[in-house]
Amino acid sequence: MTNQDPFILHRSLLFTIAYEMLGSATDAEDVVQETWLRWSGVDQLQVQDARAYLVRIVTRLALNHMRTLSRRREEYVGEWLPEPLLTSADIGGDLELTQRISIAMLIILETLGPTERAVFVLHDVFGMPHGEIAEVIGKSAAAVRQIARRARQHVAARQLREQVSRSEQQAVVERFLIALQTGQLQQLMEVLAPDVVLTADGGGLVPAARVPVHGAALVANLLIRPDRQITASAVWLNGQPGGLIQVDGATAAVGFVVEDGRITQIYAIANPEKLTRLDKPVELTRSIN
């Protein structure tokens with residue numbers, strides 16, 4: 001039996017829930033901090049299940065925050081992408097979590113409404129029973145089941161039909177990074193799917209394409225230019241193979257989707273306000289025990 005403060009014990013779980021709901025590490029930290037403030041203000045001896053109590057607080061705060069974020073994102077300059085996290089390859093050995101927390105999945109979750117996203121995250125990602133979720137969001141268990149079914153169908157319709165092995169993903173991404181750094185246009189074209197899409201997020205703070213760029217030729221010629229100095233290194237972003245790329249001194253964290261041995265999606269996050277979590281791996285967990 002541990003005497004550790006339950007908030008400290010479950011902090012990684014609370015952050016992971018908030019991040020999965022918000023797609024922003026900065027906002028997730030704000031929500032976790034507010035959760036601590038509320039937790040410190042209650043009579044903790046009267047709380048029978050501290051973990052469940054803390055999860056309820058962080059979820060309700062994240063829901064409120066999601067509604068504020070939706071208004072902010074309507075005014076966002078250019079494309080909005082999630083805030084990337086530097087992680088280990090398998091996020092503590094939880095390979096399923098690496099799929100759930102990926103940049104591609106977070107982008108899919110952005111297409112859900114706040115309540116649908118909360119229900120999907122709590123049930124399908126963290127395994128919370130419908131009855132507990134009902135208490136958190138103030139709806140009946142039957143309503144939560146319906147919301148969960150709709151959200152699951154919505155996500156499934158947008159997910160990849162076939163999952164690529166981690167080794168194949170890593171090999172394709174490494175080929176991309178080498179071709180980019182060495183300026184080999186033909187090799188870059190070979191690793192890009194013909195209908196590849198590049199989405200960039202500069203937030204209006206640094207130069208970035210404000211609309212998605214479609215097609216291998218356009219993407220390759222946008223990335224490789226004779227007047228550019230590029231360095232690239234392989235990293236794990238949100239549990240998936242990614243890259244840190246510097247173009248003329250400006251940094252971007254880049255995530256990828258790989259299908260049939262080629263890259264079909266490139267997500268380049270260059271907004272400096274979103275690159276603050278790349279100094280050391282972040283601890284994420286689904287454990288609710």
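Starting from 1, each residue takes its place in the sequence as its number.
In this structure the side chain of R262 reaches within 4.5 angstrom of the side chain of P194, judged on heavy atoms. Between V77 and R210, the closest side-chain pair of non-hydrogen atoms falls below 4.5 Å. In this structure, D201 and Y267 have side chains that are not in contact, with every pair of non-hydrogen atoms separated by 4.5 Å or more. In this structure, the side chains of V282 and L86 stay at 4.5 Å or more apart for every pair of heavy atoms. Using a 4.5 Å heavy-atom threshold, the side chains of V58 and F15 count as separate. Under the 4.5 Å side-chain criterion, counting only non-hydrogen atoms from C-beta, V155 is not in contact with D124. At least one side-chain heavy atom of M66 sits under 4.5 Å from a side-chain heavy atom of R117. Put simply, the side chain of L237 reaches to within 4.5 Å of the side chain of L278, judged on heavy atoms.
T251 approaches Q246 most closely through the heavy-atom pair OG1-NE2, 3.1 Å. When every heavy atom of A232 is checked against every heavy atom of I245, the shortest pair comes out as CB-CG1, 4.0 Å. The two residues S88 and P281 make their nearest non-hydrogen contact at N-CB, 4.2 Å. For the pair A28 and Y19, the tightest heavy-atom approach, listed with the atom from each and the gap, is CB-N, 3.6 Å. When all heavy atoms are compared, the tightest approach of V206 to A270 is CG2-O, 3.5 Å. Here the closest heavy-atom approach between residue A18 and residue V31 is recorded as CB-CG1, 4.2 Å.
Around CZ of R228, the count of heavy atoms belonging to other residues, nucleotides or ligands within 6.0 Å exceeds 12. Enclosure of atom CD in E29 by more than 12 non-hydrogen atoms of other residues, nucleotides or ligands within 6.0 angstrom is indicated. Within 6.0 Å of CH2 in W36 there are 12 or fewer heavy atoms belonging to other residues, nucleotides or ligands.
Residues W236 and V173 fall into different hydrophobic clusters, defined by Ile, Leu, Val, Met, Phe, Trp and Tyr side chains chained together at heavy-atom separations under 4.5 Å. L218 is not connected to V211 by any chain of hydrophobic side-chain contacts under 4.5 Å among Ile, Leu, Val, Met, Phe, Trp and Tyr, and they are in different clusters. In the hydrophobic clustering of this structure, L222 groups with I263; members are Ile, Leu, Val, Met, Phe, Trp, Tyr whose side-chain heavy atoms approach within less than 4.5 Å, directly or through other members. When the side chains of ILVMFWY residues are joined at heavy-atom separations under 4.5 Å, either directly or via intervening members, L192 and V213 end up in a single hydrophobic cluster. Residues V254 and L185 share a hydrophobic cluster, clusters being chains of Ile/Leu/Val/Met/Phe/Trp/Tyr side chains in contact below 4.5 Å.
Using modelled atom types, no side-chain atom of R38 and backbone atom of E34 make a donor-acceptor pair closer than 3.5 Å. In this structure, R152 contributes its side chain and F120 its backbone to no donor-acceptor pair below 3.5 Å. In this structure a side-chain-to-backbone donor-acceptor pair under 3.5 Å is missing from Q240 to F256. Between the side chain of R166 and the backbone N or O of A89 there is at least one donor-acceptor pair closer than 3.5 Å. R286 contributes a side-chain N or O that, together with a main-chain N or O of V125, makes up a donor-acceptor pair within less than 3.5 Å. Under a 3.5 Å cut-off, the side chain of E168 and the backbone N or O of G261 do form a donor-acceptor pair. Without hydrogens or angle criteria, S102 side chain to Q99 main chain gives a donor-acceptor distance under 3.5 Å. Side-chain N or O atoms of K274 include one that pairs as donor or acceptor with a backbone N or O of L81 at under 3.5 Å. The backbone N or O of V164 sits less than 3.5 Å from a side-chain atom of Q169, completing a donor-acceptor pair. Within the 3.5 Å criterion, the main-chain N or O of V136 finds a donor-acceptor partner in the side chain of R60.
To the nearest 0.5 Å, atoms CG (L63) and CE (M21) are separated by 4.0 Å. Distance check: L223 CG to I266 CD1 gives 6.0 Å after rounding to the nearest 0.5 Å. Within the model, atoms CG of N271 and OG1 of T276 stand 10.0 Å from one another, a figure rounded to the nearest 0.5 Å. Note that NE2 of H65 is 4.5 Å distant from CG of L69, once rounded to the nearest 0.5 Å. I178 CD1 to L188 CG: the interatomic distance, rounded to the nearest 0.5 Å, is 12.0 Å. Distance check: L97 CG to N238 CG gives 9.5 Å after rounding to the nearest 0.5 Å.
Applying the side chain to side chain donor-acceptor pair (under 3.5 Å) rule to T264 yields the partners E259; only residues at least two apart in sequence or on another chain are considered. When the ring-ring contact (aromatic ring centres under 6.0 Å, His included) test is applied to H130, the partners found at least two apart in sequence or on another chain are H123.
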### Message
Test side chain to side chain contact (heavy atoms under 4.5 Å, CB included) on E20 and L106; report intermediate values, then the result.
### Response
CA-CA 7 Å; E20 183 79 350; L106 292 175; 3.5 Å; yes
### Task
Begin from the C-alpha positions of Q181 and T231 and carry the test side chain to side chain contact (heavy atoms under 4.5 Å, CB included) through to its verdict.
CA-CA 5 Å; Q181 182 161 283; T231 60; 3.8 Å; yes
### Task
Let me see the working for R150 and H154 under side chain to side chain contact (heavy atoms under 4.5 Å, CB included), right down to the final yes or no.
CA-CA 6 Å; R150 288 199 306 270; H154 181 97; over 6 Å; no
### Query
Given L13 and R51, is the side chain to side chain contact (heavy atoms under 4.5 Å, CB included) satisfied, shown in steps?
CA-CA 9 Å; L13 169 66; R51 193 273 305 166; 4.0 Å; yes
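Using modelled atom types and a 3.5 Å distance limit, the side chains of S24 and T26 yield no donor-acceptor pair.
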